[in-house]
J.: 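One structure, pasted below without further comment.
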Amino acid sequence: MALPVRRFDVIVVGAGGSGMRASLQLAEAGLSVAVLSKVFPTRSHTVAAQGGIGASLGNMSEDSWLWHMYDTIKGSDWLGDQDAIEFMCRMAPKVVYELEHFGMPFDRNPDGTIYQRPFGGHSANFGEKPVQRACAAADRTGHAMLHTLYQRNVRARTQFFVEWMALDLVRAADGEVLGVVAYEMETGEVMVLQAKATVFATGGAGRIFAASTNAFINTGDGLGMAARAGIPLEDMEFWQFHPTGVAGAGVLITEGVRGEGGILLNCNGERFMERYAPNLKDLASRDVVSRSMDQEIKEGRGCGRNKDHVLLKLDHLGPEVINKRLPSIREIAIKFANVDPIREPIPVVPTIHYMMGGIPTNIHGQVVAPSGGDPNAVVPGFYAVGECSCVSVHGANRLGTNSLVDLLVFGRSAGDFIVAQHLDRAAHRELPKDAGDLALSRLARIDTNAGGEGTAAIARDLRDAMQAHCGVFRNHELLSEGVRKVLEIEQRAQKVTLGDRSRTFNTARVEALELDNLVETAKATIVSAAARRESRGAQARSDFPERDDREWLKHTLWYREGNRLDYKPVNLKPLSVEAFPPKARTY
């Protein structure tokens, strides 16, 4: 069946921070750009980022991009690529000042400069003492950023396809990516959106876990599409648990609370982080704080009737600081935890938050995959930016505030690189005859299946299996049982059955399509985690408690075909400075 085709110079899938930062560069250069989004752009998940954007502006005290680079490498547990990390940390101040000039309403110091707050793992002079590096707009930084970028895109006449879902990549016989097959939710129509460059900015996939700070739209669509097109996924075993999600609800309480002076307490009223990270205490790296909290709960020092959470105390900061710097946190605590933080502490637990792995890319956003002996051969016509990509600036654990820097730096970098290709002068290639076949066969399967289960039951079992078998602490037994369960769930997902087959705004069909992507992401995650026999960053194995640089200082690559793994070296060579060799990680 021949599908209708619409042509653009560039298609961007996803309208969060990285997608809109890329589309802004492209539209302002005069290219025709289409941005596809499952939700209205300002509803993208970047809107939920609270704490700040890490950049060494030095507005509060001396700071340097080199210190930021060191903190990022140390945070990554030496699995981050040092060339990409240097590139990001050097560019960070520039992209923040650009945002400021776009009209972003940052908080200000009395002298008019951008206010910066302390944040976990941010230090001066290579770990000596905490430094204030997080450029903040109260506790709604992502919200302010997303609205700022959306307004600039409207001004640049970017074309948005709102409530559209990309289903699968279109690739030529020689492997070049020629666009996507897309589904319009309002009408149920399918069409090919053809482009000379396709940029994935599809965000994270935290909905593969039961307890998550992620929005319901974060279903790993970009990862599923890339995997089905034969592209490997990198470092998928590394998922960051944010130390402070509201107990029972999972809603994020920003690290900015601890940056402003909030402290974690166990049931004895003890500030336990002093035992685990004597230097940076509550502002140690996220994986360290999460494991410490988990340890306190496991050893019976948790709070509440079931002793299943710890407390985040901020009443000592006073109403003025809370209302000025943390207004949304107060609102969240009242709504989701039924406590007013001005008077009482917030019950918190570690909650899945961020995916360090993703589609492998270089610093220009070009997707790379091993080919002909080159571990980083470029996949022509295909780019990925933001959380769905893995340029590997985050390695095994992301430093707080580096997600927003990542979006801005690499969204802009990919945009600049594509602009330099002069695509407006190039012609569109001829589409292959089978351009929409994969997507159409997936839709046909979902629409004709009978006698299977509904999406919700299968998705719930997937999340529960991942939560139980791939959580804060992992071991061989848990992981191998988890792999078995996920593969079983994959079989059930193949038979998913719709109760409603109507065309207009059929959310059941959209959720069934998302389930395919969740399954691919979960497989990549748990298979990669079972294979990595060490503890590094967010991967904490009780049966292999030590980091093993001799055997495991390498990136994992998971291929969907045959569910197999490959590996590639970590780049320990920065662009212009001396390398930071691996050493023990203490805070």
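Residue numbers count from 1 along this sequence. On a predicted model such as this, the values are computed, not experimentally measured, just so you know.
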J.: Measuring from atom CZ of Phe544 to atom CZ of Arg474, what distance do you get when rounded to the nearest 0.5 angstrom?
T.: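 Between atom CZ of Phe544 and atom CZ of Arg474 there are 14.0 Å.
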
J.: Which residues pass the salt bridge (charged side-chain N to carboxylate O under 4.0 Å, His left out) test with Arg463, sequence neighbours left out?
T.: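 Residues passing salt bridge (charged side-chain N to carboxylate O under 4.0 Å, His left out) with Arg463: none at all.
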
J.: Please verify the inter-ring angle class for Trp67 with Phe126; under 30° counts as parallel, over 60° as perpendicular, anything in between as tilted.
T.: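 Perpendicular.
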
J.: To the nearest 0.5 Å, how far apart are CD1 in Ile489 and NZ in Lys523?
T.: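 So the CD1 of Ile489 and the NZ of Lys523 are separated by 12.0 Å.
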
J.: Roughly how far, to the nearest 0.5 Å, is OG1 of Thr72 from CE of Met88?
T.: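 One gets 4.5 Å once the value is rounded to the nearest 0.5 Å.
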
J.: Nearest 0.5 Å, please: how far is NE2 in His122 from OG1 in Thr401?
T.: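 Answer for the OG1-NE2 pair, Thr401 versus His122, is 3.5 Å.
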
J.: Taking only residues two or more places apart in sequence or in another chain, which ones pass side-chain hydrogen bond (donor to acceptor under 3.5 Å, both in side chains) with Glu128?
T.: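 Only Asn125 meet the side-chain hydrogen bond (donor to acceptor under 3.5 Å, both in side chains) criterion with Glu128.
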
J.: The criterion is salt bridge (charged side-chain N to carboxylate O under 4.0 Å, His left out); which residues satisfy it with Lys38, sequence neighbours excluded?
T.: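 With sequence neighbours excluded, Lys38 shows a salt bridge (charged side-chain N to carboxylate O under 4.0 Å, His left out) to Asp221, Glu514, given in chain and number order.
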
J.: Is any side-chain heavy atom of Val310 closer than 4.5 Å to one of Ile297?
T.: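 They are in contact (side-chain heavy atoms under 4.5 Å apart), so the answer is yes.
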
J.: Indicate yes or no: does Lys324 engage Glu320 in a salt bridge with an N to O separation below 4.0 Å.
T.: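 No, no charged N to carboxylate O under 4.0 Å.
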
J.: Taking the side chain as everything from C-beta on, heavy atoms only, tell me whether Leu283 gets closer than 4.5 Å to Phe119.
T.: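 No, too far: nothing below the 4.5 Å cut-off.
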
J.: Counting N and O atoms only, with roles assigned by atom type, does the side chain of Ser290 sit under 3.5 Å from a partner on the main chain of Asp287, one being a donor and the other an acceptor?
T.: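 Looks like no, no N/O pair under 3.5 Å.
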
J.: Quick one, Ser56 and Ser64 - any side-chain contact, counting heavy atoms below 4.5 Å?
T.: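 Sidechains of Ser64 and Ser56: no contact.
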
J.: Quick check against the 3.5 Å criterion: does Asp500 have a side-chain atom that pairs as donor or acceptor with the backbone of Asn506?
T.: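 Checking the backbone N and O of Asn506 against the side chain of Asp500, no donor-acceptor pair under 3.5 Å is found.
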
J.: Please identify which of these residues, Arg258, Arg271, Lys281, Met273, meets the side chain to side chain contact (heavy atoms under 4.5 Å, CB included) condition with Ile263.
T.: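 Running side chain to side chain contact (heavy atoms under 4.5 Å, CB included) over Arg258, Arg271, Lys281, Met273 with Ile263 returns exactly one hit, Arg271.
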
J.: Under the side-chain contact (heavy atoms from CB on, under 4.5 Å) test, which residues partner Thr455, sequence neighbours left out?
T.: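 Here the qualifying residues are Val496, Glu511, Ala512, Leu515.
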
J.: With sequence neighbours left out, what residues match Thr586 under side-chain contact (heavy atoms from CB on, under 4.5 Å)?
T.: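 With neighbours one apart ignored, the set is empty.
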
J.: For a quick test of your reading: what N or O donor-acceptor pairs under 3.5 Å do the side chains of residues 344-353 make, sequence neighbours left out?
T.:
| residue | atom | partner | partner atom | Å |
| --- | --- | --- | --- | --- |
| Glu344 | OE2 | Asp340 | N | 3.3 |
| Thr351 | OG1 | Val349 | O | 3.0 |
| His353 | ND1 | Thr213 | OG1 | 2.8 |

J.: Do Trp239 and Tyr354 have side chains that get closer than 4.5 Å, going by heavy atoms?
T.: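 Not touching, per the 4.5 Å side-chain cut-off.
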
J.: State whether the side chain of Ser76 and the backbone N or O of Ile73 hold a donor-acceptor pair below 3.5 Å, judged by distance alone.
T.: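 A pair under 3.5 Å: yes.
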
J.: So, taking the atom named CG in Leu24 and the one named CZ in Arg152, what distance separates them when rounded to the nearest 0.5 Å?
T.: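 The distance works out to 6.5 Å.
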
J.: Go through the side-chain N and O atoms of Thr219 and Asn517 and say whether any donor and acceptor fall under 3.5 Å apart.
T.: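 No.
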
J.: With a 4.5 Å heavy-atom cut-off, do Met104 and Thr141 have their side chains touching?
T.: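 Answer yes - side chains close enough.
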
J.: With sequence neighbours left out, write down each residue that passes side-chain contact (heavy atoms from CB on, under 4.5 Å) with Ala396, or none if nothing qualifies.
T.: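 Asp77, Leu79, Phe238, Arg536.
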
J.: Quick check against the 3.5 Å criterion: does Gln50 have a side-chain atom that pairs as donor or acceptor with the backbone of Leu252?
T.: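 It does hold such a pair.
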
J.: Holding to salt bridge (charged side-chain N to carboxylate O under 4.0 Å, His left out), I want the full list of residues that pass it with Arg325, two or more places apart in sequence or in another chain.
T.: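 Testing Arg325 for salt bridge (charged side-chain N to carboxylate O under 4.0 Å, His left out), a comparison that skips the adjacent residues, returns Asp107.
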
J.: Closest approach of Leu280 and Pro130, non-hydrogen atoms and distance?
T.: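 Minimum heavy-atom separation between Leu280 and Pro130: CD2-CG, 3.6 Å.
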
J.: In terms of heavy-atom contacts, does NZ of Lys298 have more than 12 from other residues, nucleotides or ligands at under 6.0 Å?
T.: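 Counting neighbours around NZ of Lys298, more than 12 heavy atoms of other residues, nucleotides or ligands fall under 6.0 Å, so yes.
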
J.: Counting distance only, does the side-chain N/O of Asp406 pair as donor-acceptor with the main-chain N or O of Asn402 below 3.5 Å?
T.: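 Checking the backbone N and O of Asn402 against the side chain of Asp406, no donor-acceptor pair under 3.5 Å is found.
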
J.: Strictly by modelled atom types, are Thr254 and Asp139 linked by a side-chain donor-acceptor pair under 3.5 Å?
T.: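 No, Asp139 and Thr254 have no side-chain donor paired with an acceptor closer than 3.5 Å.
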
J.: I need the minimum non-hydrogen distance between Ala529 and Cys470, along with the two atoms involved.
T.: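 It is CB-SG, 4.2 Å.
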
J.: Using the six-membered ring wherever Trp is involved, compare the ring planes of Tyr150 and Phe160 and label them parallel, tilted or perpendicular (cut-offs 30° and 60°).
T.: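 Tilted: the ring planes of Tyr150 and Phe160 meet at 30° to 60°.
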
J.: Please check: side-chain N/O of Asn475 versus main-chain N/O of Asp543, any donor-acceptor pairing under 3.5 Å?
T.: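 No; judged by distance alone, with no hydrogens or angles, the pair does not exist.
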
J.: Hey, are Glu100 and Arg108 close enough for a salt bridge, meaning a charged N less than 4.0 Å from a carboxylate O?
T.: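 Arg108 and Glu100: salt-bridged.
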
J.: Could you tell me whether the side chains of Asn268 and Arg301 share a donor-acceptor contact shorter than 3.5 Å?
T.: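 Their side chains do not contain a donor-acceptor pair, so the 3.5 Å distance test is not met.
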
J.: Is there a donor-acceptor pair closer than 3.5 Å between any side-chain N or O of Glu186 and the backbone N or O of Glu163?
T.: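 Side chain of Glu186 to backbone of Glu163: no pair is present.
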
J.: Closer than 4.0 angstrom, basic N to acidic O: yes or no for Glu296 and Arg275?
T.: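 So Glu296 pairs with Arg275 through a salt bridge.
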
J.: Would you say Lys94 and Arg412 make side-chain contact, with heavy atoms under 4.5 Å?
T.: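 Yes - at least one pair of side-chain heavy atoms lies under 4.5 Å apart.
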
J.: With the side chain counted from C-beta on, respond yes when Leu223 and Met236 share a heavy-atom pair under 4.5 Å apart, and no when they do not.
T.: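 When only atoms from C-beta onward are counted, Met236 and Leu223 do touch, with a gap below 4.5 Å.
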
J.: Could you tell me whether the side chain of Tyr115 reaches within less than 4.5 Å of the side chain of Met60, counting heavy atoms only?
T.: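 Met60 vs Tyr115: side chains touch.
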
J.: I need the minimum non-hydrogen distance between Ser37 and Ala15, along with the two atoms involved.
T.: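 So the minimum-distance heavy-atom pair works out to CB-CB, 3.7 Å.
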
J.: Please answer whether the main-chain N or O of Arg541 pairs with a side-chain N or O of Ser535 as donor and acceptor at a distance below 3.5 Å.
T.: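 Yes, the answer is positive, given that a donor and an acceptor are paired below the 3.5 Å cut-off.
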
J.: What closest approach, in Å, do Cys135 and Gln116 show between heavy atoms, and which atom pair accounts for it?
T.: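 So the two residues come closest at SG-NE2, 3.7 Å.
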
J.: Once rounded to the nearest 0.5 Å, what's the spacing between atom CZ of Arg343 and atom CD1 of Ile322?
T.: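 Answer rounded to 0.5 Å: 10.5 Å.
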
J.: Report the residues that fulfil side-chain hydrogen bond (donor to acceptor under 3.5 Å, both in side chains) with Asn109, sequence neighbours left out, ordered by chain and then residue number.
T.: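 In terms of side-chain hydrogen bond (donor to acceptor under 3.5 Å, both in side chains), with neighbours along the sequence ignored, Asn109 is linked to Thr113.
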
J.: When you check the side-chain N and O atoms of Gln240 and Asn397, is any donor under 3.5 Å from an acceptor?
T.: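 Yes - a donor-acceptor pair under 3.5 Å links their side chains.
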
J.: By side-chain contact (heavy atoms from CB on, under 4.5 Å), which residues pair with Pro105, not counting sequence neighbours?
T.: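 Result, side-chain contact (heavy atoms from CB on, under 4.5 Å) vs Pro105: Ala144, Thr148.
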
J.: Counting only N and O atoms by type, is there a donor-acceptor contact under 3.5 Å from the side chain of Asn153 to the main-chain atoms of Thr158?
T.: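 Here the side-chain-to-backbone pair does not exist.
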
J.: Is the shortest side-chain N to carboxylate O distance from Arg21 to Glu98 below 4.0 Å?
T.: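 Yes.
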
J.: Taking the inter-plane angle between the rings of Trp164 and Phe161 on a 0 to 90° scale, is it parallel (under 30°), tilted (30 to 60°) or perpendicular (over 60°)?
T.: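 Perpendicular: the ring planes of Trp164 and Phe161 meet at over 60°.
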
J.: Any donor-acceptor pair under 3.5 Å linking the side chain of Arg585 with the backbone of Lys74?
T.: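 Side chain of Arg585 to backbone of Lys74: a pair is present.
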
J.: What pairs of residues pass the ring-ring contact (aromatic ring centres under 6.0 Å, His included) test when at least one of them lies in residues 295-318, not counting sequence neighbours?
T.: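 Listed by first then second residue: nothing to list.
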
J.: Compare every heavy atom of Phe272 with every heavy atom of Asn266, then report the nearest pair and how far apart it is.
T.: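 The pair with the smallest heavy-atom distance is N-CD2, 3.6 Å.
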
J.: Is the closest basic N to carboxylate O distance between Arg133 and Asp63 below 4.0 Å?
T.: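 Salt bridge: yes.
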
J.: For Arg286, which residues count as a salt bridge (charged side-chain N to carboxylate O under 4.0 Å, His left out) partner, sequence neighbours excluded?
T.: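 In terms of salt bridge (charged side-chain N to carboxylate O under 4.0 Å, His left out), with neighbours along the sequence ignored, Arg286 is linked to Glu255.
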
